[in-house]
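In what follows, every chain begins at residue 1, and chains take the letters A, B, ... in the order their sequences are listed. Side-chain atoms are counted along with the backbone in the values below, which use heavy atoms only and exclude waters and symmetry mates.
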Amino acid sequence: MEYNFGEIEKKWQQRWIADGTYKVTNDPSRPKYYVLDMFPYPSGAGLHVGHPLGYIASDIYARYKRLKGFNVLHPMGYDAFGLPAEQYAIDHGIHPAVSTDENIANFRRQLDNIGFCFDWSRSFRTSDPDYYKWTQWIFLQLFASWYDRKQSKARPLSELEDLFTREGNAGHPCPGDPGIRFDAAGWKGFDQARRQEILMHYRLAYCGYGEVNWCEALGTVLANDEVVGGVSERGGYPVVKKKLRQWYLRITDYAERLLGGLETVDYSDAMKEMQTNWIGKSFGAEVDFEVYRSSEKLRVYTTRPDTIFGVDFMVIAPEHELLEKITTPEQRTAVDEYLGYVGSRSERERMAEKKISGCFTGAYAIHPFNGLHIPIWTSEYVLAGYGTGAIMAVPCGDERDFKFAQYFQLPVTNIIGDAFNGLDANPTKDAILQNSDFLDGLVMKDAILIAIRKIEEKGIGVRKTNYRMRDAAFSRQRYWGEPFPIIWKDGIATPLDESGLPLELPYIDKYGPGPEGEGPLANVPAWTERRLETNTMPGYAGSSWYFLRYMDPHNDGTFCSRKASDYWGQVDLYIGGAEHAVGHLLYSRMWTKFLFDRGWIGHEEPYKRLINQGMIQGSSRFVYRLELRGKPEMGEGRSSGPGIPIFVSAGIAAIDGTPEFHELVTFGVRDILNDPSIDLEDISVSPLHVDVNIVDGMELDIEAFRQWRAEYGNAEFILEEGKYICGAEVEKMSKRLYNTVNPNDLVKKYGADTYRMYEMFLGPVEQSKPWDTKGIEGVFRFIRKLWRLFYDETKGKVWTVEKPTEAEWKCIYRTIKKAEDATERFSFNTGVSALMIGVNELTDLKCHKKEALEKLVVILAPYAPHLAEELWHLLGHAGSVLDASYPAVDERYLVESAKNYPIAINGKTRTELNIALDATQEQVEEIVLADETVRRWLDGNPPKKIVYVKNRMINVVV
RNA sequence: GCCCGGGUGGCGGAACUGGUAGACGCGCAGGACUUAAAAUCCUGUUUCCCGCAACGGAAGUACGGGUUCGAUUCCCGUCCCGGGCACCA
């Protein structure tokens with residue numbers, strides 16, 4: 001009986017569906033484990049071998065945990081709303097719902113081939129009205145909540161209104177506009193419109209005017225994490241700053257908890273650091289400087305108040321409100337000119353070329369301690385959006401300030417003595433302060449707090465913590481997203497009644513912007529008549545809480561019952577790409593904290609452990625085409641120096657026109673042609689990507705190449721040793737580079753089990769690595785070898801019910817131990833190795849005994865599920881192997897009672913001694929000292945110490 | 001520039017808290033079976049030295065130092081690669 005993976009895999013995939021093998025119930029009597037993959041955005045591109053990597057890893061772990069007795073939740077769904085589908089609709093006239101359907105069907109077909117244990121009965125898409133009903137509902141709760149900074153938690157807005165009625169807002173300053181202050185009477189005196197305006201400043205989901213990243217090409221606003229290097233992440237279109245009415249999430253209020261929460265979760269250091277950087281917490285002080293001959297005060301933010309005596313000038317952002325007021329008449333023209341220049345520069349230009357620029361305002365600030373007059377400049381290197389939009393410049397300690405001072409030839413005060421060399425700023429905190437009045441002689445880092453205290457005493461400033469993170473833009477001028485359940489009544493945003501949810505997205509077939517640049521919904525009369533909000537929510541809305549919906553996917557009374565979320569709790573293991581570090585991961589953490597604050601769920605961090613799978617890179621292959629340099633001279637034979645082949649020049653492609661036919665030169669000869677020391681006149685070679693699937697290792701399949709594309713039908717080849725050898729390079733895996741490998745092709749050729757194991761065998765899941773199909777044969781061989789423990793191709797069944805021998809048990813238990821350890825610590829490549837070693841040993845032992853093989857099948861099940869089911873079945877078991885339990889290791893078979901230990905003197909091995917494994921340190925010393933050889937070494941002297949190392953070696957130190 | 005990772009055979013990679021470096025697989029070389037091929041199996045495969053050989057010896061985990069009886073693992077410095085951030089005061 002032969003191993004027929006095609007039949008076996010098909011059979012079991014059908015059985016799993018028929019038997020509902022992977023259906024999970026919320027069963028509080030059993031311990032739970034939640035394994036989650038980041039759900040995919042169903043793009044039209046199709047899968048390559050890089051995509052299923054994380055899914056295979058999570059699948060193995062989910063199956064392993066199930067065998068270990070856990071009730072495992074392992075769901076899958078689709079992040080279906082978003083820009084690309086709508087972009088596709090605009091370009092091809094296909095409705096996003098239709099293309100999304102197609103892409104999902106295609107995706108599902110590809111996934112099903114690989115044999116995952118997802119519980120598809122819990123699946124959904126974020127674009128399902130049954131799902132986004134609850135996305136809208138959560139939005140309404142955010143809208144109806146505020147963040148109590150004293151209690152550090154979200155509370156219902158009604159409680160805030162009660163507070164206002166009783167005591168005004170003195171206890172809870174307005175986060176949106178600190179200038180708004182009122183007492184109880186004041187609140188009672190406000191009309192409804194004013195009250196709503198004030199409340200809007202407190203809401204966790206709020207609408208306001210603000211600078212946003214506007215992308216003209218996409219016709220929408222983008223969140224900070226969707227803008228990379230001044231252009232849109234999707235499509236790479238230019239992005240400009242624009243003031244617009246937008247919805248926001250007040251994520252900044254959660255900054256501290258998002259930071260603190262990182263200490264309670266198990267993410268990689270890199271991931272934690274990315275989030276920490278994004279949040280960008282800094283500690284320092286805000287200091288007020290009086291402006292000379294003005295009643296205005298200039299407030300700056302600094303993390304280095306210790307350097308306050310090194311201030312040589314002040315810089316305010318070009319957008320700073322004070323700029324207008326303090327600019328002197330003499331400087332007016334210059335400042336206006338400068339503002340014109342700043343306005344002309346796009347965000348992208350600013351990022352690309354960081355030119356030093358700026359303009360003196362004519363005004364001076366007065367130093368609060370020494371009364372010196374400090375010139376106030378404006379420059380775009382100071383950002384309006386951070387801190388107070390103004391800084392005190394200390395050129396001797398800050399590189400940017402120093403460069404600015406140099407450029408404009410401003411004097412530099414040195415407050416750190418020798419630590420400043422006059423050529424570069426020195427940002428140290430360890431230098432000793434000079435020229436610094438009451439801070440003289442102090443080490444800078446100690447002076448920080450002393451300076452702050454003095455500033456506070458003097459009443460000219462306060463300590464201040466700042467965060468770089470901004471509130472998240474939450475609206476998009478687009479169609480394919482969740483509609484906001486908001487009606488505008490007389491300019492007041494009014495929530496839709498819950499009974500009106502879901503507010504369904506209407507069908508449209510034109511995706512252009514509305515009459516005033518709003519989203520396409522503004523063109524739907526039925527929509528605008530109801531005065532519904534025309535923006536839609538961004539892509540991350542639906543993905544911010546989806547992990548909760550899987551727990552209770554069909555509940556139409558609530559987003560997820562408390563009972564269900566209490567049972568399943570946190571996602572125990574979350575697997576996905578690192579690209580979501582600051583987007584999805586932060587938003588979903590915030591939403592979870594919010595739902596926790598309001599008591600709808602019982603935990604405030606969504607993901608207990610996060611693993612970022614590495615990228616699978618493509619290993620591209622190249623062929624080298626001969627080309628003519630300069631003037632083509634056709635029809636002439638050409639030969640050259642010794643060892644260099646003769647080329648048929650008639651075949652050489654003319655550089656300017658379509659080649660008549662292609663002449664391709666093998667890798668080994670290509671370099672000779674490019675060598676300038678050899679005169680080949682006008683021939684050169686250019687590398688061309690060739691489909692990796694028609695290259696075996698490095699050798700090109702010439703026939704397949706000729707058929708690959710029509711233009712190569714009559715290609716000629718210059719070979720080495722009768723072969724055409726390709727060049728290679730590691731690049732991103734992409735269709736364009738012809739280096740993609742389709743998992744389905746591998747599944748067809750080797751079976752899903754081999755494919756899965758090979759993908760794991762390649763290396764650690766977290767690590768990025770280039771794909772190389774070559775080694776899959778090794779795993780395939782292993783699987784067939786395993787099969788032969790049960791069945792012989794000619795003799796048929798070979799397994800017996802004989803009792804395994806001592807040696808066979810030893811082998812089995814050793815294998816279980818290794819496989820279990822590896823799987824537990826997520827090291828699936830060594831897990832596969834452990835299985836390989838086990839099977840090799842059993843083969844050598846000619847062990848075909850059922851009792852031993854049974855255990856092998858169970859530990860195989862996470863890795864090669866189809867084969868394990870088949871073998872389990874053949875050994876006479878009914879039902880799924882996953883309902884077996886993971887075999888316990890019988891330790892007795894692992895330890896030997898005694899062992900020959902090498903004994904070394906000062907590390908040099910001299911002899912061996914048989915010592916019981918459970919011997920204590922004292923017993924070991926006794927035995928060692930009694931040994932004749934050792935006594936000879938010691939020659940009557942006592943040893944310094946005897947080191948007994950981990951069952952490995954005994955070292956006598958003299 | 002700053003902050004994280006990481007440098008181990010021809011290749012992918014093992015070595016869990018310092019304890020026999022190179023597991024497992026690929027590739028390569030040789031061999032067995034076969035008329036032949038496929039498949040399968042066996043042997044060898046870090047480098048250098050000695051020898052007919054079994055065996056033996058030395059060096060070796062990017063480089064230079066250190067701690068330790070003992071370092072791929074810990075510490076300091078240098079170089080290189082990958083990733084993230086980049087006017088955040």
Under 4.0 Å between a side-chain nitrogen and a carboxylate oxygen: does that hold for A:Arg463 and A:Glu286? no
The glycosidic conformation of B:rG5, counting syn as within 90° of 0 and anti otherwise, is anti
Which part of the nucleic acid, if any, lies within contact of A:Ser282, taking any heavy atom under 4.0 Å across all strands shown: a base, the sugar-phosphate backbone alone, or nothing? sugar-phosphate
If we take the C1' atom in both B:rG6 and B:rU73, what is their distance in whole Å? 14 Å
Taking atom OH of A:Tyr467 and atom CD1 of A:Ile251, what is their separation to the nearest 0.5 Å? 13.0 Å
Under-3.5 Å N/O pairs linking protein and nucleotides 22-28 of chain B:
unit_1	atom_1	unit_2	atom_2	d
B:rG25	OP1	A:Asn840	ND2	3.2
B:rC26	OP1	A:Arg781	NH1	2.5

Whole-Å distance between B:rU43 C1' and A:Asp844 CG? 14 Å
Test: salt bridge (charged side-chain N to carboxylate O under 4.0 Å, His left out). Region: residues 377-386 of chain A. Which pairs qualify, not counting sequence neighbours? A:Arg345-A:Glu380, A:Arg350-A:Glu380
P gap between B:rA39 and B:rG44, integer Å: 22 Å
Determine, step by step, whether A:Arg609 and A:Val265 satisfy the side chain to side chain contact (heavy atoms under 4.5 Å, CB included) criterion, reporting the C-alpha distance in whole Å, the side-chain angles of both residues, the deciding distance to 0.1 Å, and the verdict. CA-CA 6 Å; A:Arg609 183 179 181 197; A:Val265 293; over 6 Å; no
Using the rule ring-ring contact (aromatic ring centres under 6.0 Å, His included), only one of A:Tyr755, A:Phe780, A:Phe782, A:Tyr3 pairs with A:Tyr750; which is it? A:Phe780
Could you list by number each residue of residues 389-398 of chain A showing a heavy-atom separation from RNA chain B of less than 4.0 Å, or answer none if no residue does? A:Ile391
Whole-angstrom distance between B:rU45 and B:rG9, as gauged at atom C1': 9 Å
Roughly how far apart are A:Leu845 CG and A:Lys810 NZ, rounded to 0.5 Å? 11.0 Å
Salt bridge check, A:Asp306 against A:Arg304: does any charged N sit closer than 4.0 Å to a carboxylate O? yes
It should be established whether A:Arg825 places a side-chain nitrogen or oxygen under 4.0 Å from OP1 or OP2 of nucleotide B:rA15. yes
Please state the C1' separation for the pair B:rC50 and B:rA59 - nearest whole angstrom. 15 Å
Any residue in residues 464-473 of chain A with a heavy atom nearer than 4.0 angstrom to RNA chain B? Just list them by number, or reply none. A:Arg468
Respond yes when some side-chain nitrogen or oxygen of A:Arg788 is under 4.0 Å from OP1 or OP2 of B:rU40, and no when none is. no
Under the side chain to side chain donor-acceptor pair (under 3.5 Å) definition, can you give me all pairs with a residue in residues 309-320 of chain A, not counting sequence neighbours? A:Asp312-A:Thr413
Rounded to whole angstrom, note down the P distance from B:rU61 over to B:rA21. 12 Å
Partner residues of A:Tyr813 under the ring pair (Phe, Tyr, Trp, His ring centres under 6.0 Å) criterion, sequence neighbours left out: A:Trp809, A:Tyr893
Close N/O contacts between protein and nucleotides 4-10 of chain B (under 3.5 Å):
unit_1	atom_1	unit_2	atom_2	d
B:rC4	O4'	A:Glu273	OE1	2.8

Closest approach of A:Pro395 to A:Ala405 (non-hydrogen atoms, all atoms of both residues): CB-CB, 4.0 Å
Given atom NZ of A:Lys403 and atom C1' of B:rC87, what is their separation to the nearest angstrom? 10 Å
Want to know the stems of RNA chain B: at least 3 consecutive Watson-Crick or G-U pairs with distances under 3.5 Å, which are they? B:1-7 with B:79-85, B:10-12 with B:24-26, B:27-32 with B:40-45, B:46-49 with B:56-59, B:62-66 with B:74-78
Atom pair distance, as rounded to whole Å: CD in A:Glu820 and P in B:rC16: 18 Å
Selection residues 821-844 of chain A - residue pairs positive for salt bridge (charged side-chain N to carboxylate O under 4.0 Å, His left out), sequence neighbours left out: A:Lys65-A:Glu824, A:Arg814-A:Glu841, A:Lys817-A:Asp821
Give A:Pro764 one of three labels, base, sugar-phosphate or nothing, depending on what nucleic acid heavy atoms sit under 4.0 Å from its own. sugar-phosphate
Report the residue (A:Val382 or A:Leu762) whose heavy-atom-nearest nucleotide on RNA chain B is the more 5′ of the two. A:Leu762
Map A:Trp278 and A:Gly387 onto RNA chain B by nearest heavy atom, then report which one ends up closer to the 5' terminus. A:Trp278
Using atom C1' of each nucleotide, how far apart are B:rG27 and B:rG19 to the nearest Å? 32 Å
For a quick check of understanding: with a heavy-atom distance under 4.0 Å over all strands, which category does A:Glu399 fall into, base, sugar-phosphate or nothing? nothing
When rounded to whole Å, the OH to P distance for the pair A:Tyr381 and B:rG1 reads 21 Å
Expressed in angstrom and rounded to an integer, what is the separation of A:Asn277 atom CG from B:rC2 atom C1'? 9 Å
Length of the line joining A:Leu262:CG and B:rC3:P, which is rounded to integer Å: 20 Å
Any residue meeting side-chain contact (heavy atoms from CB on, under 4.5 Å) with A:Pro375, in chain and number order, not counting sequence neighbours: A:Phe313, A:Phe360, A:Tyr364, A:Trp377
Please measure how far the P atom in B:rA86 lies from the corresponding atom in B:rA14, and state the result in whole Å. 32 Å
Residues passing the side-chain contact (heavy atoms from CB on, under 4.5 Å) test with A:Ala57, sequence neighbours excluded, are A:Ile575, A:Met760, A:Val765, A:Phe826, A:Phe828
Euclidean distance for C1', B:rC33 against B:rA38 (whole angstrom): 13 Å
Applying ring pair (Phe, Tyr, Trp, His ring centres under 6.0 Å), name anything that partners A:Tyr863, two or more places apart in sequence or on another chain. none
Please give, in whole Å, the distance from B:rA39 C1' to A:Asp792 CG? 13 Å
